[in-house]
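Everything on this sheet refers to the single structure shown next.
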Amino acid sequence: MTPAKLAATVLSAARAVFETRGLDTALLPEITSVERPRNLEHGDYASTLAMQLGKKAGVAPRELAQALAAELEKHPAVKEVGIAGPGFLNIRLDPAEIAKAARDILVAGANYGHSDTLAGERINLEFVSANPTGPVHIGGVRWAAVGDALSRLLRAAGAQVGTEYYFNDAGAQIDRFARSLYASAKGDPAPEDGYGGAYIAEIATAVRSQAPDVLDLDEAEAVETFRRVGVDLMFAEIKASLDDFGVNFDTYFNEKDLHARGELQQALDRLREQGHVFDTDGAVWLRTTDFGDDKDRVLRKSDGDWTYFAADCAYYLDKRNRGFERCVYMLGADHHGYVGRMKAMAACFGDDPEKNIEILIGQLVNLVRDGEPMRMSKRAGTVVTLEDFVDALGVDATRYALARYSSDSPIDIDIDLWTSASRENPVYYVQYVAARTASVARQSEAVGLRRGDEADFRPELLVNSKETELLKALEEYPETVSRSAELREPHHVARLLEKIAGEYHRFYDEPACRILPKGDEQIGDGNRARLWLNDATRTVIANGLALLGVSAPERM
RNA sequence: GCGCUCGUAGCUCAGCGGAUAGAGCAACGGACUUCUAAUCCGUCGGUCGCAGGUUCGAAUCCUGCCGGGCGCGCCA
């Protein structure tokens, strides 16, 4: 009896009650859910359906609750139903019914938690998209971890996902980058509006080794060479560091291609057809204020150059034309001013800004050592880079640390905490369960304790409260995955894994729940049943960590 | 000034319409001839920024205020 099945049972019980009493069944919701009360005395699950329906149906909530309870208690998996307060239904299940989850989990294996919640949705996720003018810095790192986790989550929920890195290779920033490389190669100081940092010298040197005579060219050609070769090198480096971080994009999209294919003009034409374009002072504008933006935006400047925003429009249209009905953008807090214009732009194309475009804003991240935010990086000069992060914490801890918090809260990542081997380090706490369960599995194998096949599983032997609590936590997993996917919030998965880890450690430490036989004890069905639970736990922990891009070690 | 966002235990954060608001850390006290103590158990700790409103019920939704962060270019 999973929570989802129980919720459906509650709903059908409500339907039965409504029918026998001649109440209007149209008042019933299409779907309901059950809660997990914090207080164990309130049962395994609770429903608030009676309170929600009481007033609408003109029946006192407690009276409705009574009728529902009587109906529910007919179900064989339901042990007892209590009524509390204004009409809570506190449901206690037969623990053996809860225990069946261990079998379901192991039957599903790596697919446990997958669903079709978002089946049929085509979702484009764009994140990182750092300019190839330097290493990926701290804001991009957060989205690399969260965006990649989100892509895995959405896929687990059945969506078709395309991840995308927008490679901004056609702007003034790139000019500055090229001129900075050129200056560095000549031994000149960096241009006033250019880039500093040791990496500029490294890239400049690398360009010269690929094009030894570059400094003999006239300035324009030399800068062009630095641009072309330098951007390629920088981009290769960004890709490599993301790859080391476990993040690979389905598409690396070049802004240059939008220009080359005339897509900016096409976007402009489309917007003009929709009636939202006007010309003033020699410039071409999009009337985004028609859809709530605080000012209109220029698409093409009076000097004939396209704005960056025009490229944004073309890129959005390109994504839509490739069949993505949901375009998700993940931006840093310093870009939240874009939300209004992006939503308005979608509306100007005739799209639904509430559905076709989603903008997630990630708050600031600080990497903290000894209570002080780290600002300095040897290579980048002033910013903390992806490499700095990974050097300090390792890939697993970095990804977990960034994925376990809501993106809209600013976070400090304390290096000492996230590298410590202790309870206070959540990634170790969770990974330790992976290692412990694997260790138990190895030793079971060694002493001849096997799960056997499904018929050998005896759920009625997993009825200790430690076992039941662990099983209930495991059963929360599928719903947590779908909910996190719908909310675009991977951190709920991490938090559930921590809860499961706590329940497992308590189960493990309970003498009555020993999995392996002690001393010369005989192997019994109880040991076997607990091994099912052990292995089911390992499956869920491994599946959850995989969604976050974190390893589930066999040993620690 | 206008807009966005965040104020929950000493600290770091969950909870985002349900019951007596949770967890870890910190403080104090316990459990190792271990299935890996990288663990577990207990005690202490809160006018959920403030004030109204919506409702059977608000940390959660709405409004105003206070406080922190960020944004408001024919920049990228």
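Please read these numbers as outputs of a predicted model, since none were measured by experiment. In what follows, every chain begins at residue 1, and chains take the letters A, B, ... in the order their sequences are listed.
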Inset, instruction - Have a look at A:Ser444 and say if it touches a base, only the backbone sugar-phosphate, or nothing, with a 4.0 Å heavy-atom cut-off. - result: nothing
Inset, instruction - Would you confirm whether the ring centroid of A:Phe291 sits within less than 6.0 angstrom of the ring centroid of A:His276? - result: yes
Inset, instruction - Classify the ring geometry between A:Trp418 and A:Tyr405 as parallel (under 30°), tilted (30 to 60°) or perpendicular (over 60°). - result: perpendicular
Inset, instruction - Check whether any side-chain nitrogen or oxygen of A:Arg483 sits under 4.0 Å from OP1 or OP2 of B:rC16, and answer yes or no. - result: yes
Inset, instruction - Starting at the 5' end of nucleotides 4-11 of chain B, put B wherever the base has a protein heavy atom under 4.0 Å, S where only the sugar-phosphate does, and a dash everywhere else. - result: BSS-----
Legend entry - A:His492 vs B:rG15: side-chain N/O to OP1/OP2 distance below 4.0 Å: yes
Inset, instruction - Scan A:Arg297 against the nucleic acid and name what it touches under 4.0 Å (heavy atoms): base, sugar-phosphate only, or nothing. - result: nothing
Inset, instruction - Would you please confirm or rule out a distance under 4.0 Å between OP1 or OP2 of B:rC41 and any side-chain N or O of A:Arg506? - result: yes
Inset, instruction - Tell me what A:Ala283 touches on the nucleic acid: a base, only sugar-phosphate, or nothing, going by heavy atoms under 4.0 Å. - result: base
Legend entry - Residue mapping more 5' on RNA chain B - nearest nucleotide basis, A:Gly337 or A:Trp306: A:Gly337
Inset, instruction - Quick one: label A:Asn90 by what it contacts on the DNA or RNA (base, sugar-phosphate, nothing), any heavy atom closer than 4.0 Å. - result: base
Legend entry - Ring-ring centroid check A:Tyr400 A:Tyr429, cutoff 6.0 Å: no
Inset, instruction - Any chance you could encode RNA chain B as dot-bracket? Rule is Watson-Crick or G-U wobble with both distances under 3.5 Å; [ ] for pairs crossing earlier ones, | for another strand. - result: (((((((..((((....[...)))).(((((.......))))).....(((((..]....))))))))))))....
Inset, instruction - For A:Ala84, answer base if it contacts any base atom (sugar-phosphate contacts may also be present), sugar-phosphate if it contacts only those atoms, and nothing otherwise; contact means non-hydrogen atoms under 4.0 Å. - result: base
Inset, instruction - Check every strand shown and say whether A:Ile174 touches a base, only sugar-phosphate, or nothing at a heavy-atom separation below 4.0 Å. - result: nothing
Inset, instruction - Look at the side-chain N and O atoms of A:Lys499 and state whether any lies under 4.0 Å from the OP1 or OP2 oxygen of B:rA14. - result: no
Inset, instruction - Looking at every strand, decide which applies to A:His505 at a 4.0 Å heavy-atom threshold: base, sugar-phosphate, or nothing. - result: sugar-phosphate
Inset, instruction - Kindly say if A:Arg495 contacts the phosphate of B:rA23, meaning a side-chain N or O under 4.0 Å from OP1 or OP2. - result: no
Inset, instruction - Establish, with yes or no, whether the OP1 or OP2 oxygen of B:rG18 is under 4.0 angstrom from a side-chain nitrogen or oxygen of A:Tyr45. - result: no
Legend entry - Side chain of A:Ser302 (C-beta onward), nearest among B:rA14, B:rC74, B:rG73: B:rC74
Inset, instruction - Describe, in one word, how the ring planes of A:Tyr166 and A:Tyr308 are oriented to each other, choosing from parallel (under 30°), tilted (30 to 60°) and perpendicular (over 60°). - result: perpendicular
